[in-house]
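Numbers for residues simply follow the sequence, beginning at 1.
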Amino acid sequence: MIDARVSTKHKICNASDYQIVARSLLPKPLYEYLASGTDDEQTLEENSSAFKYWYLRPRVMRPVGSISTATTLFGQKLSLPVFISPAGVHALCDEVHGECASARAAQRVGTLFGLSQHATRSIEEVADICAAQGNANLWYQCYILKDRDMTLRLVRRAADAGYKGIFLTVDSVRFGFREADARNGWNALPEPHRLVNYDEEISNKQQSSESKKSSWLSPEASVDKTKIYSGDEDAWDQNTEQLFEQNPTWNDVRWLKREACHDLPLIIKGIMTAEDAVEAVKAGADGVMVSNHGGRGLDGALAAIDALPEVVAAVGDKVPVLMDSGVRRGTDVLKALALGASAVGIGKPVFFALAVGGENAVVNLLQMMQREVEAAMAICGVGRVADATRSLVTRHPNGSVTRYTRSKL
């Protein structure tokens, strides 16, 4: 969180305004670490612009005097169908509170917060901070690590701390190469920040008897985990990816569900095709999340909103479908709901809001999104989230795509 955050002449009216202000406040390497994508950044750009090529079909003369943006996800009520997607290292933007600030903001607004395995505040600290203010809808995000026992211990810690669900990210056996980070020398996590959830695990050098016997344990599990701080590679993500299992199968999903989260909903995050959505459900997933890692994975992949329809069609009503990547407006949210998403996540805007104004700015970000969703619902004649159906959106009737350009005022 930047000390000068409150003295800005740029009035915050929408999510993108936070990015504009944050860019003026943050050091260039940090800003570009947060904002950039991989390779040519095609997918990064299209994640947001692709929403512009789905058009809303407003219905009129419908009662919308008592609109509700509330929805329910796995038995938990959300005040709006927008949540904070799991993303690491929030302390880069709020050094004092880190993920605790973002989690409290979600709690205050009444929505879900996803804590990344690569958080700068521990599973237990975030849970304790939120517990002091009442009930919170906390979820934990994990990866399949080469060290399978560590994978289980981390998820079990989240379950013991009261987290209500698990995101398993499956699109990161390798990270895409972000040239901005290489050019800026962003190849290690700046001191004094730590990926604190690993600290306790790294200190435990002895494998448990369970992991010694496990046929799931990769022979590369003894990788030196301190490389995530060393900066050996040109870009930081290439250092952290050394921890991840690079030979995963759908049996790993069955294993995780059975061993660590049989009592918690398990969402498979990073699904971009119908085929993988079907496999995820067959493996025991309780939900799937359409995501291309915010354009930070494979460049040239479809925008998430364009991948959403085939995933929804593939799973039908078997499990909820969530999505993130590129959501910036309430109309984006409504379009995603109409295409079959149960709720959508936001990531980059949270970092920029944190940098500008900490917890209160993240609250404001979510409240702005809620107002925009409510207004879009009203103008489209939609009174409830569940009423946003496929007939609400269309492609342009002439079948062509004209590049969207915002009008100059």
Side-chain angles (χ1 to χ4, degrees), residues 1 5 12-19 21-22 66-87 90 93-94 96-116 119 121 125-141 162-165 167 267 289 320 322-324 327-334 336-337 341-378 384-386 388:
M1 185 168 54
R5 64 192 180 278
I12 301 294
C13 294
N14 58 61
S16 295
D17 284 336
Y18 277 117
Q19 182 166 352
V21 176
S66 57
I67 289 175
S68 174
T69 61
T71 190
T72 300
L73 190 62
F74 295 105
Q76 298 295 316
K77 185 175 180 180
L78 310 183
S79 65
L80 72 162
V82 180
F83 60 91
I84 296 181
S85 280
H90 284 208
C93 294
D94 186 335
V96 177
H97 303 291
E99 286 78 8
C100 292
S102 310
R104 285 194 303 248
Q107 182 181 24
R108 286 167 59 186
V109 175
T111 194
L112 180 157
F113 173 77
L115 180 74
S116 170
R121 297 295 180 270
E125 181 180 359
V126 173
D128 289 345
I129 287 290
C130 290
Q133 298 186 23
N135 188 43
N137 191 357
L138 301 176
W139 283 53
Y140 176 70
Q141 174 268 329
Y163 286 66
K164 300 185 187 307
F167 293 105
I267 305 295
M289 185 163 173
L322 310 179
M323 75 149 287
D324 72 4
V327 176
R328 297 294 183 272
R329 284 286 191 179
T331 48
D332 297 343
V333 176
L334 189 56
L337 296 176
S342 296
V344 304
I346 54 174
K348 288 184 178 71
V350 174
F351 284 93
F352 299 130
L354 272 180
V356 173
E359 177 183 334
N360 287 337
V362 179
V363 170
N364 184 55
L365 168 69
L366 292 168
Q367 290 174 338
M368 286 192 304
M369 294 288 288
Q370 185 170 25
R371 288 193 296 269
E372 289 185 6
V373 171
E374 183 178 10
M377 289 173 65
R384 300 289 182 271
V385 168

Atom pair [atom1]/[atom2] of [X] and [Y] - distance to nearest 0.5 Å:
X    : Y    : atom1 : atom2 : result
D94  : C100 : CG    : SG    : 9.5 Å
I84  : L112 : CD1   : CG    : 9.0 Å
E125 : C130 : CD    : SG    : 10.5 Å
S68  : R384 : OG    : CZ    : 5.5 Å

Discussion item. Which label fits F83 and F167: parallel for a plane angle under 30°, tilted from 30 to 60°, or perpendicular past 60°?
Written reply: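 Parallel: the ring planes of F83 and F167 meet at under 30°.
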Taking [X] for its side chain and [Y] for its backbone only, find out whether a donor-acceptor pair lies under 3.5 Å.
X    : Y    : result
Q107 : N135 : yes
E99  : A119 : no
D17  : N14  : yes
T71  : V385 : no
Q370 : S79  : yes
N364 : A361 : no

Worksheet item: How far apart are the C-alpha atoms of N137 and F113, what are their side-chain angles, what is the distance that settles it, and do they pass the side chain to side chain contact (heavy atoms under 4.5 Å, CB included) test?
Response: CA-CA 6 Å; N137 191 357; F113 173 77; over 6 Å; no
Item to complete: With side chain to side chain contact (heavy atoms under 4.5 Å, CB included) as the test, would you mind laying out the steps for V362 and L354 before giving the verdict?
Response: CA-CA 6 Å; V362 179; L354 272 180; 3.8 Å; yes
For the student: nearest non-hydrogen atoms of [X] and [Y], plus distance:
X    : Y    : value
A22  : A355 : CB-CB, 4.3 Å
R121 : G98  : NH2-N, 4.0 Å
V21  : I12  : CG2-CD1, 3.7 Å
A70  : K77  : CB-CE, 3.7 Å
A105 : E359 : CB-O, 3.7 Å
G330 : E372 : N-OE1, 2.7 Å

Worksheet item: Under 4.5 Å between any side-chain heavy atoms of M369 and R328, yes or no?
Response: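 No - every pair of side-chain heavy atoms lies 4.5 Å or more apart.
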Discussion item. Is the shortest side-chain heavy-atom distance between F74 and I267 below 4.5 Å?
Written reply: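 Yes, their side chains come closer than 4.5 Å.
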Worksheet item: Taking atom types as modelled and ignoring hydrogens, do the side chains of E374 and T69 form a donor-acceptor contact shorter than 3.5 angstrom?
Response: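 No, because no side-chain N or O of E374 sits under 3.5 Å from a partner of the opposite role on T69.
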Practice prompt. For Q133 and R104, run side chain to side chain contact (heavy atoms under 4.5 Å, CB included): C-alpha distance rounded to whole Å, both residues' side-chain angles, the deciding distance at 0.1 Å, then the answer.
Written response: CA-CA 8 Å; Q133 298 186 23; R104 285 194 303 248; 3.0 Å; yes
Fill in: Residues which pass ring-ring contact (aromatic ring centres under 6.0 Å, His included) with Y163, listed by chain and number, not counting sequence neighbours
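Per chain and number, Y163 pairs via ring-ring contact (aromatic ring centres under 6.0 Å, His included) with no residue.
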Item to complete: Evaluate the criterion side-chain hydrogen bond (donor to acceptor under 3.5 Å, both in side chains) for residue pair R108 and N360; output intermediate values, then yes/no.
Response: CA-CA 10 Å; R108 286 167 59 186; N360 287 337; 2.9 Å; yes
Practice prompt. In sequence, state the C-alpha distance, the side-chain angles, and the governing distance for D324 and I346, and then conclude on side chain to side chain contact (heavy atoms under 4.5 Å, CB included).
Written response: CA-CA 6 Å; D324 72 4; I346 54 174; over 6 Å; no
